[in-house]
Number of protein chains: 2
Amino acid sequence: MPASTSAPADPHRHDAKPRRRAGRPAAAVLDQDGITAAALQLIGKSGYEGFTMAALARTLNVAPSALYNHVSSKRDVLVLVQDHLTSFVDVTAFDAEPWDRAVRSWAWSYRDVFSKHTPLIPVIAVLPVTDAPKTLAMYEAVSAGFRRAGFPQERIISAIVALESFIFGSAYDVTAPADIFDSGSMAESTPNFTAAVASLAGQGHENQADVAFELGLEALVSGFGALRG
Amino acid sequence: MPASTSAPADPHRHDAKPRRRAGRPAAAVLDQDGITAAALQLIGKSGYEGFTMAALARTLNVAPSALYNHVSSKRDVLVLVQDHLTSFVDVTAFDAEPWDRAVRSWAWSYRDVFSKHTPLIPVIAVLPVTDAPKTLAMYEAVSAGFRRAGFPQERIISAIVALESFIFGSAYDVTAPADIFDSGSMAESTPNFTAAVASLAGQGHENQADVAFELGLEALVSGFGALRG
DNA sequence: ACCACTAAATGAATGCCGTTCATTTAGAAT
DNA sequence: ATTCTAAATGAACGGCATTCATTTAGTGGT
C-alpha cells in the first residue's frame, strides 16, 4: 500500500521517529519529511510552474517513480507542503494579547504565508483537517482564543471559516498585477468605476491589496467582536 | 496573429457583428462566442476535469488545432467563460433597493455563480478588467451603487475588493466535504476545536457554508455601512 | 552464515495533455 | 480566372503524472 497523507493513527506514540517494524530495511533515502522539505525548497526556487514530480525527484537524486513509495500523488505532496506552511502561521498572539489584536495578528500572518502559495488554496479549502495535523493544531489554537474571548460555541467555527475565506481570497489579491483595474479604452462607459479607481490611486498607497485587507479585516473584527458574551 | 481575449479596440463601432474586411472568407465554423458557449456546456456536463481542448474541439466537430485560430490558449477560453458567467451575477438590486440589501443580493448571487466554477477563481482574481468587459460592467454597476449610497470615492474600490475576496474564498467553502472538520482520532488533543465543531453540528443547519457566509457578510455590510457619509 | 522477507529504488512504458506547424481548403476581391 | 487570406486539418512534439515489472539491499529468524 502506498503511503497516505494522514498522520499515524496511534495517539499514544511518544517518539518523534516511528519505531522500526520487523523486516523493514533501514536505509531509506526518502521519507515524507524529506520530500516536504525538498518540495518547499523547489517551489521557492522554481515556483509552482516548475514544480513537477520529475523536478522534485531530481533535487532528491532519485527516480520520479521512487516518490510514489512515500506519497500517493502530486496532490499528496501539495498537502504535505500546505500543512508544513501552516506551522509558519503565527497564532501566539492568542495566548498573549486581547482577542481583537490576536485575530489581526493571526489573519495578517496567515494571508502573508499563503499569498506566496496561492496554488495551494484550492487544496487547503477543501482538505479534511484529519489529513493536515498542523493545520488542525492551528484551528485548535484559534478556537481556544475565541472561546476564552467569550464567543458562543456555536458561532466559533462559522466565524473562523468566514475569516479564513476572506484571508484566502485576499491572498490572491496580493498576487494581482498593479494595473488590474485600469479600464483602458473602456473608461468612458464606466465612469463610476473609473473615478473610484482614480481616486484610490490618488491616495498613493504602495499596496492596494493591503488597504483592502485592512478594511475588510477591521469590519470582520468589529462585527464578530459584538458576538462575544 | 491569433485572436486575443481583449475586446475590439475601436470604440466607434456600432454594429454587433464585426464589419467584414476585404479578403476575409465568410464561412467560419468557429468564433469566440461559439467556443464560449460550447465550453460552458462541456464544463456543465463533464466538469473541469473533463474540460480539455480536445474534448471542446470534439463537441464543436472540429480539430483541436482549429481552436487556436480564435483563442490563444486554454487559459484564454477560461477567461471567456469567466466573463460570460459574470453576466449571470445579479446587480439589479443596486438600482432598486437600499445599499445594504443590494450588497447582500449581489454577494449571494456572485458566490452562487462561482461556487460551481471554483477553478476559475485563480483566473479571475488576477485578471485585468480590460480582458473581461462583462466583469467590468459588473464593477461599474456596483461602484455606482456604492457612490449613490454615499461612500467616499477612495474607499469604494477597497470595499469591493474586500467583499470580492470574501466571496471568492466562500465559493470554495461551498464545495468542501461536509465532514471537513471531523478531527477523528485527534479529537482528544484538540478539545476546543472539537467542541466548537460539535456545537455547530448540533445546531442542525443544512449548510454550514451558508451560515459562515451569512455571518461574514453581515459583518462586512455593517462595517462598511458605517463608512458612508 | 545463510535464508526468507520486504520496503524502497529503478527505468521503461503508458496515456493524456496543451500547443505548434506545414499544408490544404474555400470563400472574397480584383 | 487569378490572387489573397482566414480558417481548418492532421501529424507531430515535448512535458506531464502515474504504473509496473524488476532489481537492490537491509533485517530478523534460524
Side-chain angles (χ1 to χ4, degrees), chain A residues 1-5 8 17-36 38-39 42-43 46-81 119-120 122-123, chain B residues 1-5 8 17-36 38-39 42-43 46-81 119-120 122-123:
Chain A
M1 188 180 66
S4 108
T5 291
K17 306 282 180 187
R19 204 175 298 280
R20 200 166 296 299
R21 288 183 304 181
R24 166 91 152 283
V29 180
L30 248 39
D31 62 8
Q32 288 202 346
D33 286 351
I35 291 173
T36 306
L42 176 59
I43 289 164
S46 314
Y48 282 88
E49 328 83 48
F51 177 61
T52 67
M53 294 300 270
L56 177 57
R58 203 175 316 122
T59 71
L60 288 160
N61 287 313
V62 132
S65 53
L67 296 168
Y68 288 86
N69 286 317
H70 305 273
V71 134
S72 66
S73 66
K74 181 179 182 176
R75 191 193 133 93
D76 224 11
V77 179
L78 293 178
V79 168
L80 292 171
V81 169
L120 294 178
V123 175
Chain B
M1 188 180 65
S4 107
T5 291
K17 306 282 179 185
R19 203 177 299 281
R20 202 166 295 299
R21 288 183 304 180
R24 165 93 150 281
V29 180
L30 249 38
D31 63 7
Q32 288 202 348
D33 284 351
I35 291 173
T36 306
L42 176 59
I43 289 164
S46 313
Y48 282 88
E49 329 81 51
F51 177 63
T52 67
M53 295 300 271
L56 178 57
R58 203 175 318 123
T59 73
L60 288 161
N61 288 313
V62 131
S65 52
L67 296 168
Y68 289 86
N69 286 317
H70 305 272
V71 135
S72 66
S73 66
K74 182 179 182 179
R75 192 194 132 94
D76 223 11
V77 179
L78 293 178
V79 168
L80 292 171
V81 170
L120 295 177
V123 175

Rounded to the Å, how far apart are [X] [atom1] and [N] [atom2]?
| X | N | atom1 | atom2 | result |
| --- | --- | --- | --- | --- |
| B/Leu30 | D/dA7 | CG | C1' | 9 Å |
| B/Leu67 | C/dC21 | CG | P | 17 Å |
| A/Tyr68 | C/dG11 | OH | P | 17 Å |
| B/Phe51 | C/dC16 | CZ | C1' | 16 Å |
| A/Gln32 | C/dA8 | CD | P | 11 Å |
| B/Met53 | C/dT19 | CE | P | 6 Å |
| A/Glu49 | D/dG14 | CD | P | 22 Å |

Checklist entry - Hey, mind stepping through B/Leu30 and B/Asn69 against side chain to side chain contact (heavy atoms under 4.5 Å, CB included) and telling me if it holds? => result CA-CA 9 Å; B/Leu30 249 38; B/Asn69 286 317; over 6 Å; no
Checklist entry - Looking only at N and O atoms, is any donor in the side chain of A/Asn69 or the base of C/dA7 less than 3.5 Å from an acceptor on the other one? => result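 Counting by modelled atom types and ignoring angles, no donor-acceptor contact under 3.5 Å is found here.
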Item to check | DNA chain D contacts made by residues 55-65 of chain B, counting heavy atoms under 4.0 Å | outcome: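 B/Val62, B/Ala63, B/Ser65 - these, ordered by number, are the residues of the stretch whose heavy atoms sit under 4.0 Å from the strand.
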Item to check | Main-chain N/O of A/Leu80 paired to A/Gln32 side chain as donor or acceptor, under 3.5 Å | outcome: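 Absent.
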Just distance, no hydrogens or angles: give the donor-acceptor pairs under 3.5 Å from side chains in residues 47-56 of chain B, sequence neighbours left out.
| unit_1 | atom_1 | unit_2 | atom_2 | d |
| --- | --- | --- | --- | --- |
| B/Tyr48 | OH | B/His117 | ND1 | 2.7 |
| B/Thr52 | OG1 | B/Ala55 | N | 3.0 |

Next on the checklist: Counting only side-chain heavy atoms from C-beta out, which of C/dT19, D/dA8, C/dA9 sits nearest to B/Lys74?
Outcome noted: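 Nucleotide nearest to B/Lys74's side chain: C/dT19.
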Checklist entry - Should B/His70 be listed as having a side-chain N or O under 4.0 Å from OP1 or OP2 of D/dA6? => result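 The answer is no; no side-chain N or O of B/His70 sits under 4.0 Å from OP1 or OP2.
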Next on the checklist: With each end axis built from five pairs of C1' atoms, what bend angle do you get for the helix from C/dA1-D/dT30 to C/dT30-D/dA1? Round to 10°.
Outcome noted: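 Axis-to-axis angle, ends of the helix: 0°.
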